[in-house]
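Accompanying notes for the structure given below.
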Amino acid sequence: MAATPQEIAEWMVGEIRFKGMLRQEDAVAHIKAHFGEEFIFVNENGHSSLEKEVKKAFRKLHSGRVAWDRDGFFWAWT
């Protein structure tokens with residue numbers, strides 16, 4: 001069965017809850033390997049990024065409790 005953006009978002013929040021943070025490169029590698037490359041794209045800066053439905057599900061799931069660190073390329077609890 002194919003993965004859904006919701007399942008990926010739940011994995012991401014679980015990782016952040018368990019580890020306190022999630023690096024983008026680790027998230028991208030895990031999502032590609034376990035959920036499929038269709039959930040990742042290369043943005044205008046040449047960086048791998050999460051597909052917008054995944055980002056939307058992720059934001060909805062964490063309800064503002066997770067912040068993106070632009071300099072460190074990771075998410076962490078706020």
Side-chain angles (χ1 to χ4, degrees):
M1 189 173 94
T4 66
Q6 181 68 27
E7 289 171 321
I8 297 169
E10 289 169 4
W11 171 79
M12 291 174 67
V13 169
E15 285 292 292
I16 296 164
R17 190 173 283 140
F18 181 69
K19 297 178 179 169
M21 66 176 296
L22 176 60
R23 295 194 175 284
Q24 182 171 349
E25 65 191 65
D26 297 338
V28 166
H30 183 90
I31 291 166
K32 277 184 179 177
H34 294 89
F35 297 109
E37 295 207 17
E38 66 269 24
F39 297 105
I40 304 296
F41 74 98
V42 177
N43 67 20
E44 62 277 359
N45 299 325
H47 300 288
S48 292
S49 186
L50 304 176
E51 185 265 333
K52 77 172 186 254
E53 290 301 315
V54 173
K55 285 183 189 172
K56 195 166 25 172
F58 179 59
R59 277 194 300 271
K60 196 171 177 182
L61 197 58
H62 73 65
S63 306
R65 295 182 314 241
V66 172
W68 170 247
D69 185 297
R70 187 181 296 267
D71 298 326
F73 289 96
F74 65 85
W75 296 274
W77 283 120
T78 55

- prompt: Cluster question for you: counting only ILVMFWY and a side-chain heavy-atom cut-off of under 4.5 Å, with indirect links fine, are L22 and W77 together?
  reply: yes
task: Is it possible for you to say whether V28 and M21 belong to one hydrophobic cluster, with membership spreading through side-chain heavy-atom contacts below 4.5 Å?
output: no
- request: Without swapping roles, check the side chain of N43 against the backbone of N45 for a donor-acceptor pair under 3.5 Å.
  value: yes
Roughly how far apart are [X] [atom1] and [Y] [atom2], rounded to 0.5 Å?
X	Y	atom1	atom2	answer
K52	R59	NZ	CZ	11.0 Å
K55	M12	NZ	CE	9.5 Å
S49	F39	OG	CZ	14.0 Å
S48	E25	OG	CD	10.5 Å

message: Can you classify the ring geometry of H62 versus F58 as parallel (below 30°), tilted (30 to 60°) or perpendicular (above 60°)?
response: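 Answer is perpendicular, since the angle exceeds 60°.
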task: Please work out whether the ring planes of F73 and W68 are parallel, tilted or perpendicular, with thresholds of 30° and 60°.
output: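 Rings of F73 and W68: perpendicular, as their planes differ by over 60°.
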For [X] against [Y], the heavy-atom pair lying closest together:
X	Y	answer
A67	T78	CB-CG2, 3.2 Å
W75	Q24	CZ3-CA, 3.8 Å
E7	F35	O-CZ, 4.4 Å

Would you indicate whether the side-chain heavy atoms of [Y] and [X] approach each other to under 4.5 Å?
X	Y	answer
F74	D26	no
E51	I8	no
L61	Q6	yes

- prompt: Checking side chain to side chain contact (heavy atoms under 4.5 Å, CB included) for the pair I40/L50: CA distance, chi angles, key distance, verdict?
  reply: CA-CA 5 Å; I40 304 296; L50 304 176; 3.9 Å; yes
